[in-house]
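Heads up: the structure comes next, in structure tokens.
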Amino acid sequence: MDFDTGSSDFWVFSTLLPSSESAGHTLYNASASKHSSLESGETWSINYGDGSGASGVIYSDRVVLAGVTATSQAVEAATSVSSAFTSDTQNDGLVGLAFDGLNTASPSKVPTFFQTVQKSLFEPVFASALRHNAAGTYDFGWIDPSKYTGKITYTPVSNSSGYWEITANGYAVGSGATVSESLTSIVDTGTTLIYMPDDLLNAYYSQVNGSSDSSDAGGWIFPCDATLPDISFEIGSKEFTVPGSYINYSPYTDDTCYGGMQSSDGFPFNVLGDVFIKSQYIVWAPTVPQMGFAAP
Ligand SMILES: O[C@H]1CN[C@@H](c2nc(-c3ccc(C(F)(F)F)cc3)no2)C1
């Protein structure tokens, strides 16, 4: 399952899909499930930032995820998925972890898995400990002191948009001075890269010899052997640093690489995606709402 703090639908590949769309996936079969019942009249249809999407009907069923049991969870069963989902055979559905506003169920919205279980948890929080080039973890219901160092710094979340939206107060490139700039950003585990304004990108990539904003590549590229400075974001009163090596996202040509931080120009907000999220231990507390950040 793909855990996505940028959406609020809990959906799964199902036996209701045509086999051309479900080949290679593990399928939810409501009719073979002891506790399932159709939520008649309820449908859902979602589109993601990259244009992919899925739609279907809704059952309630007993769901166990990460050892946490939802005795009656709205399970959005796909009857149609876009080709990108069919091709991503590592993924049999999405666990939306954002707020109500983004749920696509109609005519009535349905709760996310976390909304269903949060009252039963030791603490109504979940925490992400994603890692660079290594498996990460999500914890539900508790904060694991073995996964972070120092103090957790909390910052308020604005959830009126349905997203985990925070405002960073500035940034620093490498060991440079902090530039004060209000950066309204969503923190989205389902988005891979960091997306920030052009002035920040120019300040950053100007420190990378041979970098350029390439229309062919669709963003900033640089020589793969370039030394990349760290980028720090000021959240609350503290700096949270992404190691420069995380900004070397992927090879573009034999010797040029594509940046893990690209332009948010034209977006309704900036995005702190996985390139940022995996540099921190993050506590997600929807009942406040607030988020906590600590170095891993
Ligand atoms: O919409 C925003 C909400 N969070 C971001 C997000 N995007 C996806 C996604 C997952 C899998 C695929 C596919 F398998 F390749 F199709 C595509 C998109 N999951 O979260 C963007």
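Note that ligands are numbered from 1 as they come in the structure, with each ligand's atoms numbered from 1 the same way. All residue numbers refer to positions in the sequence shown, counting from 1.
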>> List the residues meeting salt bridge (charged side-chain N to carboxylate O under 4.0 Å, His left out) with Lys147, not counting sequence neighbours, and say none if there are none.
In response: Asp139, Asp144
> Heavy atoms, side chains only, cut-off 4.5 Å: are Pro289 and Phe99 in contact?
Replying inline: yes
> Does Lys238 make a cation-pi contact with Phe293 (under 6.0 Å, within 45 degrees of the axis)?
Replying inline: no
>> Parallel, tilted or perpendicular, judged at 30° and 60°: which one describes the rings of Tyr258 and Tyr249?
In response: perpendicular
> Do Tyr138 and Phe114 have ring centroids that are under 6.0 Å from one another?
Replying inline: no
> Is a side-chain N or O of His25 found less than 3.5 angstrom from the main chain of Thr86, in a donor-acceptor match?
Replying inline: yes
> List by chain and number: which residues place a heavy atom under 4.0 Å from ligand 1?
Replying inline: Asp2, Asp4, Gly6, Tyr48, Gly49, Asp50, Ser52, Ala84, Phe85, Asp88, Leu94, Asp188, Gly190, Thr191
